[in-house]
Amino acid sequence: MLPEIESLLVLQDRDHDIQTMLSEIEKIPRDAAAIKQRLDGSTTELDSAKKAIVENELAISKIDLDRKVRKDTIEKLNVQRFETKKNDEYAAIGAEITRYQDMVDVLETEELEYMEKTDALEATLSTAKERLANVKANMAIEVKELMEKKAQNTVRIEEVKADRANLVKDLDPSLISMYERVFAKKGNQTVAPLNENKCGGCHMKVIADVVSNTIAEKEVCQCNNCGCFLYSV
Ligand SMILES: [Zn+2]
């Protein structure tokens, strides 16, 4: 293999590393936003679970009050019925008592339904609490990991850049600028193998001259289709 191609392969490897680490750093704000979104979602879930319990309790208190008012009325009607001497009035008060008692029965059924809902609501609340606690615990770890990744990548990028600069200083500047133009388009496939007359970068057949020159290894060759640097395998 031509020494220039060997160097370009190393250069490509370094550049690819830098690119990967930079894109990892770029992704960090999106990952952080996703974590925040999970936290917001779990907080909203907990808030609605709490609200549902309060509303259920309020409904029960209101029914309790309505029932108490009707029971008081029944007691008063019972006293009136006991005191009356008239048969028709006695019967009318009796009918009124029955009407109020029916209302009390309906309210008791309703209250029972609300009370039965309480258990399910408590269960939902405890699940929401657990979920939020989990999200918070994981969030601390995930945020720490993201920050560590950023710090590590930042240091590592500088190291690789220094390594790259060392490599580049011994190479022909026109070769480097050509390489950089191709790398901007082809990334990790800037230097590719020539395999059965096909370029490893674009998988197309290359012209005969390029094939023979690549195999002869007398000069640096580029694919006539995509421009990537070729080496014979
Ligand atoms: Zn090609």
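Just follow the structure's listing: the first ligand is 1, and inside any ligand the first atom is 1.
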Inset, instruction - Taking all heavy atoms of Thr214 and all of Ser232, pick out the closest pair and write down the distance. - result: CG2-N, 3.7 Å
Inset, instruction - Kindly give the heavy-atom pair with the smallest separation between Ile35 and Leu146, and that separation in Å. - result: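 Heavy atoms only, the tightest pair is CD1-CD1, 3.9 Å.
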Legend entry - Linked, directly or transitively: Leu230 and Phe183 (ILVMFWY side chains, under 4.5 Å):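 Not linked; separate clusters.
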Legend entry - Cation over ring face, Arg81 and Tyr90, 6.0 Å, 45°: yes
Inset, instruction - Taking atom types as modelled, find out whether Gln19 and Asp15 have a side-chain donor-acceptor pair closer than 3.5 angstrom. - result: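 Result is no, nothing qualifies.
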Legend entry - Atoms (protein N, O or S; no water) under 2.8 Å from the Zn ion (ligand 1):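 Every protein N, O or S atom under 2.8 Å from the Zn ion (ligand 1) counted, the figure is 4.
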Inset, instruction - Spell out, as yes or no, whether a donor-acceptor pair under 3.5 Å connects the side chain of Thr127 to the backbone of Ala123. - result: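 Looks like yes, one N/O pair under 3.5 Å.
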